[in-house]
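Letters go in sequence order (proteins before strands), and every chain restarts at 1. Keep in mind that the numbers below use all heavy atoms, side chains included, and drop hydrogens, waters and symmetry copies.
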Number of protein chains: 2
Amino acid sequence: MEKEIAEEYIALIPTLFDSFSELNKDAAELTHMQNHVIEYIYMQQKALNLKEISAGLNMAKQQLTFIIRDLVMDGYLAKEPDHKDKRAVLISLTPTGKKTQEEKWQNIYHKFHQNLGKLSEEECRDLNFALHKVNQLLKKMERK
Amino acid sequence: MEKEIAEEYIALIPTLFDSFSELNKDAAELTHMQNHVIEYIYMQQKALNLKEISAGLNMAKQQLTFIIRDLVMDGYLAKEPDHKDKRAVLISLTPTGKKTQEEKWQNIYHKFHQNLGKLSEEECRDLNFALHKVNQLLKKMERK
DNA sequence: CTAACTAGTAAATATTTTATTACTAATTTG
DNA sequence: CAAATTAGTAATAAAATATTTACTAGTTAG
């Protein structure tokens, strides 16, 4: 059965890919990497230091120095010293930065909502339950 | 309830993001865009013309001309004329190209399989069923 | 049949991203 | 406490990507 589950999981990724790749369809003001950085911080839901972002996005920290400097100057990100480690700096989204992300997700939200019309009421209930279960169990698998 | 479903769906995307972004972690021989192109064709499971790839990846077709030329030269992609539209060219993966993709997904597969150990047998059954349901219904929503 | 449109190619240019090397200041380890 | 590590910054050169303009050949609409 484990093989079966893994295959279902793998199959899910391409299905979500379209929604995901639409995220930055218009976001024209920022470069790709700038978008990735903001997006990553938004998804992690907490302030991160440079090292963490670098590891999460699989890019050199030297690159981040300048990307983040620009994003701070443009008002999307804020830096604050990390009191636990005085070498480190914590990066977080400003209200402006957070708003831009919320707007992007809002587009996906709308599109999904429209497509929901293609399902019957019973299918909607099933989908709701199944999505909830998947989220819950995948989260559990991630931990530790 | 529709709002609830949409929220579960949105929540699923970041959860899958990690797996997804790991796809090209080592793939060092190709550039980012080259990887994206191969990946996209692989996920669509059929030959695509330049326009479709351009729309799907949200990039100018002019860029694709050269990216695809290089990938053809390196043996990852094959071009064939589209008999239905003599202006167009159909791009598909060569066996080599397909193999590289399968290997990448294999890594995700392995990692997922390991994490499955954190769930009880009952939870595995639930996850299997829920994933299957989600895939089935999301596919249905995509159509037409 | 002609005009308007579309798929793909091409080249020049500007911008972005990557890679390399090196440095400072803070932290951890033995 | 000294030595080794680590977080972040910086400057540079090289490579990749995006943008703009323009062209050819095939298709579609009036």
Side-chain angles (χ1 to χ4, degrees), chain A residues 21-41 44 46-74 76-93 100, chain B residues 21-41 44 46-74 76-93 100:
Chain A
S21 68
E22 244 171 62
L23 252 186
N24 296 309
K25 196 144 248 173
D26 15 87
E29 29 197 312
L30 299 178
T31 68
H32 284 186
M33 283 301 126
Q34 288 178 327
N35 269 312
H36 278 159
V37 170
I38 297 189
E39 200 168 85
Y40 185 70
I41 298 171
Q44 299 298 313
K46 58 171 184 176
L48 301 167
N49 65 33
L50 239 131
K51 183 72 186 308
E52 292 168 321
I53 301 171
S54 152
L57 290 177
N58 202 34
M59 69 194 292
K61 60 180 184 174
Q62 296 94 313
Q63 284 180 63
L64 282 174
T65 298
F66 299 98
I67 291 173
I68 285 170
R69 185 195 58 189
D70 293 347
L71 288 172
V72 168
M73 284 201 310
D74 294 347
Y76 294 99
L77 298 182
K79 281 167 106 168
E80 55 171 337
D82 181 349
H83 295 303
K84 288 182 192 151
D85 183 339
K86 281 176 186 165
R87 294 169 303 181
V89 182
L90 292 174
I91 319 284
S92 56
L93 290 171
T100 59
Chain B
S21 68
E22 244 171 62
L23 251 186
N24 296 309
K25 195 146 249 173
D26 16 85
E29 30 197 311
L30 299 177
T31 68
H32 285 184
M33 284 300 125
Q34 287 178 327
N35 269 313
H36 278 158
V37 169
I38 297 189
E39 198 168 87
Y40 185 70
I41 299 170
Q44 299 297 313
K46 58 171 184 177
L48 300 167
N49 66 32
L50 239 131
K51 184 70 187 308
E52 291 168 321
I53 300 172
S54 151
L57 290 176
N58 201 34
M59 69 195 292
K61 59 181 182 173
Q62 296 94 314
Q63 284 180 64
L64 282 174
T65 298
F66 300 98
I67 291 174
I68 285 170
R69 185 195 58 190
D70 293 346
L71 288 172
V72 169
M73 284 200 310
D74 293 346
Y76 295 100
L77 297 182
K79 281 167 104 168
E80 55 173 335
D82 181 348
H83 296 302
K84 289 184 191 148
D85 184 339
K86 282 176 186 165
R87 294 168 304 178
V89 182
L90 293 174
I91 320 283
S92 57
L93 291 171
T100 60

Please determine whether a side-chain nitrogen or oxygen atom of [X] lies at a distance below 4.0 Å from atom OP1 or OP2 of [N].
X     : N      : value
A:K84 : D:dA7  : no
B:Q63 : D:dA18 : yes
B:H32 : C:dT16 : no
A:T31 : C:dT17 : yes

*Quick one: do the A:E29 and A:Y76 side chains pair a donor with an acceptor below 3.5 Å?*
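Distance-only check passes for A:E29 and A:Y76.
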
*Using the closest heavy atom to pick a nucleotide of DNA chain C for each, name whichever of A:M59 or B:E52 lands nearer the 5' end.*
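Here B:E52 is the residue nearer the 5' end.
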
_Pick the closest DNA chain C nucleotide for B:L90 and for A:M33 by heavy atoms, then say which residue is nearer the 5' end._
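Result of the comparison: B:L90.
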
Whole-Å gap separating [atom2] ([N]) and [atom1] ([X]):
X     : N      : atom1 : atom2 : answer
A:L57 : C:dT18 : CG    : P     : 10 Å
B:D70 : D:dT17 : CG    : P     : 10 Å
A:H36 : D:dT17 : NE2   : P     : 13 Å
B:R69 : D:dA16 : CZ    : C1'   : 14 Å
B:I53 : C:dT6  : CD1   : P     : 19 Å
A:L50 : D:dA7  : CG    : C1'   : 8 Å
A:L64 : C:dT16 : CG    : P     : 16 Å
A:I68 : D:dG8  : CD1   : C1'   : 10 Å

*May I ask you to say what B:K61 touches in the nucleic acid, namely base, sugar-phosphate or nothing, with a heavy-atom cut-off under 4.0 Å?*
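Since a base atom lies under 4.0 Å of B:K61, the category is base.
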
*Base, sugar-phosphate, or nothing: which does A:D82 touch, judged by heavy atoms less than 4.0 Å apart?*
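Nothing, no nucleic acid heavy atom in range.
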
_Nearest to the B:K86 side chain among D:dG26, C:dA11, D:dA10, which nucleotide is it?_
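Selected nucleotide (nearest to the side chain): D:dG26.
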
*Of the nucleotides D:dG8, D:dG26, C:dA10, which has the atom closest to the B:D85 side chain?*
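Per side-chain heavy atoms of B:D85, the pick is D:dG26.
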
*Looking only at atom types and distance, does a side-chain atom of B:E52 sit under 3.5 Å from a main-chain N or O of B:N49, one as donor and one as acceptor?*
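Indeed, once roles are kept as given, a pair shorter than 3.5 Å links the two residues.
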
*Is a side-chain donor or acceptor of A:S54 paired with a backbone partner of A:A60 at a separation under 3.5 angstrom?*
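Here the side-chain-to-backbone pair does not exist.
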
*Record whether the side chain of B:Q62 comes under 3.5 Å of the base of D:dT21 through a donor-acceptor pair of N or O atoms.*
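In this structure, the two groups form a donor-acceptor pair.
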
*Could you check B:I67 against B:R87 and say which one's nearest nucleotide on DNA chain D is further toward the 5' end?*
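Checking each residue's closest nucleotide, the 5'-ward one belongs to B:I67.
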
*With side chains defined as the heavy atoms from C-beta onward, is the minimum distance between A:I53 and A:Q44 less than 4.5 Å?*
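Answer no - side chains too far apart.
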
*Indicate yes or no: does B:D82 engage B:K84 in a salt bridge with an N to O separation below 4.0 Å.*
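Salt bridge between B:D82 and B:K84, a charged N being under 4.0 Å from a carboxylate O: no.
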
